[in-house]
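A short write-up of the structure that comes next.
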Amino acid sequence: MIITLKDGSVKEYAGPMSVLDIASDISEGLARMACAGELDGEVVDLRTVVDKDCHLNILTFDSEGGAGAFRHTTSHIMAQAIKRLWPEVKLAIGPSIVDGFYYDIDSPRAIVAEDLEKIEAEMKKIVKEALPITRFTKPREEAIAYFKEKEEPYKVELIEDLPEDAEISFYQQGEFVDLCAGPHLMSTKPVKAFKLTSLAGAYWRGSEKNKMLTRIYGTAFAKKADLDAYITRMEEAKKRDHRKLGKQLGLFMMRDEGPGFPFFLPNGMILKNTLLDYWREIHRKAGYVEISTPIMLNRQLWETSGHWDHYRENMYTTVIDDTDFAIKPMNCPGGILVYQSEPRSYRDLPLRMGEIGLVHRHEKSGQLHGLMRVRCFNQDDAHIFMMPEQIKDEIKGVVKLIDSVYQLFGFKYHVELSTRPENSMGSDEDWEMATEGLRSALDDLGLDYVVNEGDGAFYGPKIDFHLEDSIGRTWQCGTIQLDFQLPLRFNCEYIGQDGEKHRPIMIHRVAFGSIERFIGILIEHYAGAFPTWLAPVQVKVLPISDKYMDYGRKVLEKLNEAGIRAELDTKAEKIGYKIREARLQKIPYMLIVGAKEEEEGLVSVRSRFLGDEGQKPLDAFLSDVKQEIAGRVSRKVEVQEETK
RNA sequence: GCUGCUGUGGCUCAGUCGGUAGAGCGUCACAUUGGUAAUGUGGAGGUCACGGGUCCGAUUCCCGUCAGCAGCUCCA
């Protein structure tokens, strides 16, 4: 690797290498120049060259480490292009994010999709100009004056929030100067492969009380090939969208007649019921009992629970015989009434009561999203009533249960611990004890988690489990919430060993979260090609022609007798057509039957997993598949799947 | 709820610079009875999301409503 130094001399290094390796024998100025793109005339790896506060840090030339700086620089180039095109635009902030970057701007005229092309064209010019990027600082007051003069009110506001004695750092490329902590590339030159991807609104400083700005999203890669690969990956991911697959596979539908209220179609219902069968089995084994509580209860109950005051805007209410009623947005108050239905002893605790509860919540219109965010959904809820000394073990048990569910499906997840919010009930001591209970359970199990300060429920702190959809958005699924408040509000009791009354503590928890959301995640995770135990149709019998329909019917009967979900293709079509249809429906097994099979009582097996598996006696096939289903096995799909 | 975009047969989409619409798939009928990803022919199916306005005339232009999409905000 040859680096041209400032004075024109040339120095040779063995690369790839870290700038840290060379930092000892060159000054900062030289390093910055090295980063400006003069390495052997090859600049692609410079994306990883970063500079922070004028100090060299993690400067490996050949890793993913610098993607943030690379994209952040691209966002500055975009801002510069926008200022060149429309000088009246005010700039807010423009960070790098996962897979890309954005810049928030305040424009007097609406930016439309066609403008993105104009901006891209201008950005290309800036890259071509290969502007060096330099950093300088000013004291806070001077920085404020600078942006006031430039009429950039958002920048002024940002600086005003910094400490009085702060040195404010700026980055400059050509005529464009931006407030920025860095890091950045040393030149606009290496930014060759970028694309502006979308346009959206975003509130200034993330508060809906503030003005809505225009946010322009983009992404950038060191190489054109990487950008193309990224675009292809996103397109592929969109094919897994559960809304699209839900339609194709006949799982569920949405109608204008009930926005946010999903309809489950026969295939989707099989999926749902199969999941529930599994849920009931593992909960029975884990010592849960199951209850069901009414969908609608009176106002007094919701006032006692606190929902009437804290959650009313999301509740559907009605009046019956002059009394206010609300459709339940949560199952807990109903569960508490069941707890109170008889006197409880410490011997009954922990009492684990599960409920598949249908709840309704009025989500704001813009929040709805397929099955992921709906207005009515089934929670695989459970309420656990226990003594204080049982907290930790119970929480650990629940975490393990949830983990086992996600393991079965091969989901990756991350855990968040949310603490006391502003709008909360209860004493400091209770919150402290509850939060500590959750935290120590997670620590004991050695689980990684992030803490969300102030993000808990109004009645207690919570642990959330988040799963990813096909394009990387995360959705909260499982949650465990510790609650001192509701037992207090409802005056729940148990008789202790001492013969005295005591107050139980309560856990609210879900594993799937919402069955609907979980099914959405499941669809995208498997791209609709469910493991056999979940597949709505597990086996499709395909006769070569009508002549073998009778044999096909016999095979179908045997499959049905064995409890396998099977169908017979009775269409007057050729075998190729039938196979294509079955594949597009992502059915795990096809049994092809014709003259050869009928004669010897065989079936020709073609699976989604391995393709043609050859002929087998029907009984052998049956026992294999039954075993696969009973074991809830996830066979790996090895044959290329095609999406319609 | 906010910003931007979108809304045409069951599905995927084309089209109308304003003169009441097309294709493929699916569906139905008939013929074909075929061995591992699409047999052929024919038929049915749409008040172009809904409500106003402009115009001789609106699916097309304008306004509003509803719904969807992306993002933001929210999410017990």
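If you're wondering where the values come from, they're calculated on a predicted model, not measured in any experiment. Proteins get letters first, then strands, A, B, ... in listed order; numbering begins at 1 in each.
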Does NZ in Lys90(A) sit with more than 12 non-hydrogen atoms of other residues, nucleotides or ligands closer than 6.0 Å?
-> yes

Go ahead and name the base partner of [N]; Watson-Crick or wobble counts if both distances stay under 3.5 Å, otherwise write none.
N      : result
U32(B) : none
A44(B) : none
A23(B) : U12(B)
A70(B) : U3(B)
C55(B) : none
A49(B) : U65(B)
U60(B) : none
A38(B) : none

Quick check on [N]: is either OP1 or OP2 less than 4.0 Å from any side-chain nitrogen or oxygen of [X]?
X         : N      : result
Ser365(A) : G1(B)  : yes
Tyr577(A) : G26(B) : yes
Arg243(A) : C69(B) : yes

Looking only at side chains, do [X] and [Y] share a donor and an acceptor under 3.5 Å apart?
X         : Y         : answer
Thr479(A) : Asp464(A) : yes
Trp204(A) : Glu157(A) : yes
Glu416(A) : Ser418(A) : no

Whichever of Asp241(A) and Ile111(A) has its nearest RNA chain B nucleotide further upstream toward 5' |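 It is Ile111(A), whose closest nucleotide lies nearer the 5' terminus.
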
RNA chain B nearest-nucleotide lookup for Arg375(A) and Lys462(A): closer to the 5′ end is Arg375(A)

Please work out if [X] contacts a base, only the sugar-phosphate, or nothing of the nucleic acid, heavy-atom cut-off 4.0 Å.
X         : result
Gln481(A) : sugar-phosphate
Tyr217(A) : sugar-phosphate
Gly460(A) : nothing
Gly576(A) : sugar-phosphate
His369(A) : sugar-phosphate
Arg473(A) : sugar-phosphate
Asp546(A) : base
Ala582(A) : nothing

Which nucleotide sits closest to the side chain of [X]: [options]?
X         : options                : value
Ile579(A) : A76(B), C72(B), U36(B) : U36(B)
Tyr203(A) : A70(B), C72(B), U36(B) : C72(B)
Lys547(A) : G34(B), A38(B), A76(B) : G34(B)
Met212(A) : C2(B), G68(B), G35(B)  : C2(B)
Arg583(A) : A37(B), U32(B), A76(B) : A37(B)
Lys247(A) : G35(B), A76(B), U12(B) : U12(B)
Ile575(A) : U36(B), U39(B), A76(B) : U36(B)
Ile592(A) : A67(B), U36(B), A76(B) : U36(B)
Ser604(A) : C75(B), A76(B), U36(B) : U36(B)
Lys571(A) : U27(B), A76(B), U33(B) : U27(B)

Hey, is the side chain of [X] pairing donor to acceptor with the base of [N] inside 3.5 Å?
X         : N      : result
Arg361(A) : C74(B) : no
Glu597(A) : G35(B) : yes
Glu363(A) : C75(B) : no
Tyr548(A) : G34(B) : no

To the nearest angstrom, how far is [X] atom [atom1] from [N] atom [atom2]?
X         : N      : atom1 : atom2 : result
Leu584(A) : C11(B) : CG    : C1'   : 13 Å
Met590(A) : A38(B) : CE    : P     : 13 Å
Lys540(A) : A37(B) : NZ    : P     : 17 Å
Lys364(A) : G71(B) : NZ    : P     : 17 Å
Arg580(A) : U36(B) : CZ    : P     : 16 Å
Arg255(A) : C50(B) : CZ    : P     : 14 Å
Glu573(A) : C25(B) : CD    : P     : 11 Å
Asn210(A) : U3(B)  : CG    : C1'   : 14 Å

Between [N] and [M], how far is it from one [atom1] atom to the other, in whole Å?
N      : M      : atom1 : value
G7(B)  : U60(B) : P     : 11 Å
G1(B)  : U59(B) : P     : 28 Å
C13(B) : G71(B) : C1'   : 26 Å
A21(B) : C48(B) : P     : 10 Å
A67(B) : C50(B) : C1'   : 10 Å
C28(B) : G9(B)  : C1'   : 15 Å
A23(B) : G52(B) : C1'   : 33 Å
C61(B) : A37(B) : C1'   : 47 Å

Criterion salt bridge (Lys or Arg N to Asp or Glu O under 4.0 Å) on Glu436(A) and Arg439(A), from CA distance to verdict | CA-CA 5 Å; Glu436(A) 223 16 69; Arg439(A) 195 190 298 272; 3.6 Å; yes

Mark yes or no for whether [X], through its side chain, and [Y], through its backbone, hold a donor-acceptor pair below 3.5 Å.
X         : Y         : result
Arg517(A) : Met372(A) : yes
Lys462(A) : Leu438(A) : no
Arg375(A) : Glu363(A) : yes

Within 45° of the six-membered ring axis of Phe101(A) and under 6.0 Å from that ring's centre, is NZ or CZ of Arg71(A) located there?
-> no

Regarding Arg312(A) and the six-membered ring of Trp308(A), is the cationic atom NZ or CZ under 6.0 Å from the ring centre and inside 45° of its axis?
->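 The answer is yes, since Arg312(A) meets both limits relative to Trp308(A).
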
